[in-house]
Amino acid sequence: MRHLSVSSLGAGAVALAATMFSAPAFAGVPTMMIADSGDTGWILGAFIIGLLTAIPGALLYMIGNNGWANAPRMINASVAGMAVVTLLYFMLGYSLMFDLNGSSWLGGATNWMLNNMGTVRDGTTVAETGFVLFQLAFVLLAVTLLSSMVAARARRGWMLGFTALWFLLVLVPITRWTWGGGWLANLGMMDLTGGLTVFFCVAISAIAALGLIQGKAAVEAPTPDHGTRMIGAVLLMIGMTALAGGATLGASDDAAVAMLATVSAAMTGAITLAIVRRSLDASSLASGMVAGIVGIAAAGDGVSVGGAILTGFLSALAMLAAWSFAPKALRRFDRDAHIIGMAGAAKIGALVFAIFLAFSPFGGSGYPEGTTMVDQIIAQLIGIIVVAVWSLVGSIIAGLMASLLLPMRDAAVK
């Protein structure tokens, strides 16, 4: 028989006493949740890469469309807009977008000035402060796109006021409805990486703003720089690939799928437009690449590589169709139909996502329980219509409100 030492008996007694007199663990008592450091680090890295690549890429792409003569106005408007909107986002915007205690239409003021932040964002494994920063990347991307599309024609002071009002009146509620647990998300509409929430919303808003500024006057043809457009498109692809991976909120297979889908769609869009136009010039490659990026943005990790390739193909054709068939009334504001093309690619991408989401035969992640392909198509259509109408109406209201203080257009701008 094995003999126990005095020290072993003492340790056992201490353990028994600790067990007997420790507080009982009752079911239902919440425990302190700790964010997963790997997942939090993943989204923070995606945020940094997005700032370094997607935002400069979007700006360079639009400068390439409008020519370097307009670059100073576009850069200044973008930086000023990002500064103001960042402060508004921290003070009130994040709470209105993502407050868990708000309604399905708009969040409350629980997180005003980023107060009452949780250790972990509810329903995720990431720190809520990290979640705040990651979502800021999409806000800044939207502001950069809008400013660079409109600033070449607008008065600087008006542009800054319009951007701030647009953020509060348009981007905040649409983000709440789609990403903040709002009513569009509850209907089943899906937009995983900003196809509708960012790209489609911004394109429709820019068309509305340019319509206000231009009136009945036609826009002169810009002098594009296709090399700059190409650099911008590549940077945008890198940034959106990182943001697509980060949008899964975890360093996992889902993130890899989202990144693969983004790259596949972008490359397919580039080669599709080049083949259709029978030209390997920078203009065709850059435009096709952006079409693929915008088209796949709604899908995220919901489609397979095959579905992403088809999405890139169809998105490039949608952009080409916008160039060819855009109404003359819209071409007064968007002479080369680049903004209209972005809207078309985003719309097609969000719609075909409802088809390619099918697990068979497209290899997608599958529909939510109780949802069919028809249900998903209807939900996507409702989302497209709602985002278009709200972006149009909200942008007109924001533009007219800003014009009460400052003229919309400088007399020197032609």
Side-chain angles (χ1 to χ4, degrees), residues 30-52 54-55 78-147 160-161 163-185 191-194 197-198 201-202 239 242-243 245-251 394 398:
T31 58
M32 178 65 71
M33 296 184 67
I34 301 175
D36 184 280
S37 59
D39 290 343
T40 301
W42 176 257
I43 66 169
L44 292 178
F47 167 73
I48 293 171
I49 294 173
L51 288 185
L52 289 174
I55 292 173
S78 296
V79 174
M82 285 191 287
V84 170
V85 168
T86 296
L87 295 178
L88 289 173
Y89 174 76
F90 288 156
M91 288 189 293
L92 189 60
Y94 175 78
S95 189
L96 293 175
M97 290 173 173
F98 297 105
D99 179 9
L100 297 174
N101 298 318
S103 70
S104 62
W105 290 89
L106 203 61
T110 302
N111 302 125
W112 181 78
M113 291 294 291
L114 301 186
N115 289 322
N116 303 312
M117 302 293 288
T119 305
V120 179
R121 172 67 184 179
D122 187 64
T124 75
T125 58
V126 302
E128 187 161 13
T129 48
F131 182 80
V132 170
L133 273 175
F134 180 70
Q135 294 298 333
L136 176 62
F138 290 103
V139 171
L140 296 182
L141 176 60
V143 170
T144 300
L145 285 168
L146 181 70
S147 299
L160 185 60
T163 302
L165 290 169
W166 174 84
F167 169 70
L168 294 173
L169 294 177
V170 178
L171 189 62
V172 164
I174 287 178
T175 302
R176 177 66 178 188
W177 303 342
T178 57
W179 290 345
W183 66 277
L184 282 178
D191 178 26
L192 302 183
T193 326
T197 307
V198 175
C201 169
V202 166
L243 292 177
T248 63
L249 302 181

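Looking at D191 and T197, their side chains do bring a donor and an acceptor atom within 3.5 Å of each other.
In this structure, L165 CG and L88 CG are separated by 9.0 Å, a value rounded to the nearest 0.5 Å. Note that OG of S103 and CZ of R176 are 6.0 Å apart. Values are rounded to the nearest 0.5 Å. Separating the CG atom in L96 from the CG atom in N111 is a distance of 10.0 Å, to the nearest 0.5 Å. Once rounded to the nearest 0.5 Å, the distance linking CG of N116 with CG of L100 reads 11.5 Å. Going from atom CG of L168 over to atom OG1 of T163 covers 11.0 Å, rounded to the nearest 0.5 Å. Summarising the geometry, atom OG1 belonging to T144 is positioned 4.0 Å from atom CE belonging to M82; distances are rounded to the nearest 0.5 Å.
Using a 4.5 Å heavy-atom cutoff, the side chains of L140 and L51 are in contact. Residues L114 and V132 form a side-chain contact, since some pair of their non-hydrogen atoms from C-beta on lies under 4.5 Å apart. F131 has its side chain within reach of Y94: a pair of non-hydrogen atoms, C-beta onward, lies under 4.5 Å apart. No side-chain heavy atom of L44 sits under 4.5 Å from any side-chain heavy atom of F134. Side-chain contact check for F90 versus L136: some heavy-atom pair is nearer than 4.5 Å. Residues V84 and L160 meet the side-chain proximity criterion, which asks for heavy atoms closer than 4.5 Å. Contact check for L249 versus I43: side-chain heavy atoms found under the 4.5 Å cut-off. No side-chain heavy atom of T125 sits less than 4.5 Å from a side-chain heavy atom of V120.
Counting only distance, with no hydrogens or angles, the side chain of S104 and the backbone of G182 share no donor-acceptor pair below 3.5 Å. Not one N or O on the side chain of R121 forms a donor-acceptor pair closer than 3.5 Å with the backbone of A35. Looking at W42, its side chain never comes within 3.5 Å of a backbone N or O of T248 through a donor-acceptor pair. Proximity of a side-chain donor or acceptor of S78 to a complementary backbone N or O of S147 within less than 3.5 Å is not detected. Remark: the backbone N or O of T119 is not paired with any side-chain donor or acceptor of E128 at under 3.5 angstrom. Proximity of a side-chain donor or acceptor of W177 to a complementary backbone N or O of W105 within less than 3.5 Å is detected. Put simply, the side chain of T175 never gets that close to the backbone of M97: no donor and acceptor are under 3.5 Å apart.
Considering every non-hydrogen atom in both A46 and G246, the closest pair reads CB-CA, 3.9 Å. Residues S95 and G108 share a closest heavy-atom pair of OG-O, 2.6 Å. For G250 against D39, the heavy-atom pair with the smallest separation is CA-OD1, 3.3 Å. Nearest heavy atoms, A54 versus L243: CB-CD1, 4.4 Å. Nearest heavy atoms, A142 versus W166: CB-CH2, 4.0 Å.
Scanning for side chain to side chain donor-acceptor pair (under 3.5 Å) contacts around T110 gives D99, N101, with sequence neighbours left out.
Here the two rings, on W179 and F138, have centers that are under 6.0 Å apart.
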- Message: One pair to check against side chain to side chain contact (heavy atoms under 4.5 Å, CB included): Y89 and Q135. What are the steps and the verdict?
- Response: CA-CA 10 Å; Y89 174 76; Q135 294 298 333; 3.3 Å; yes

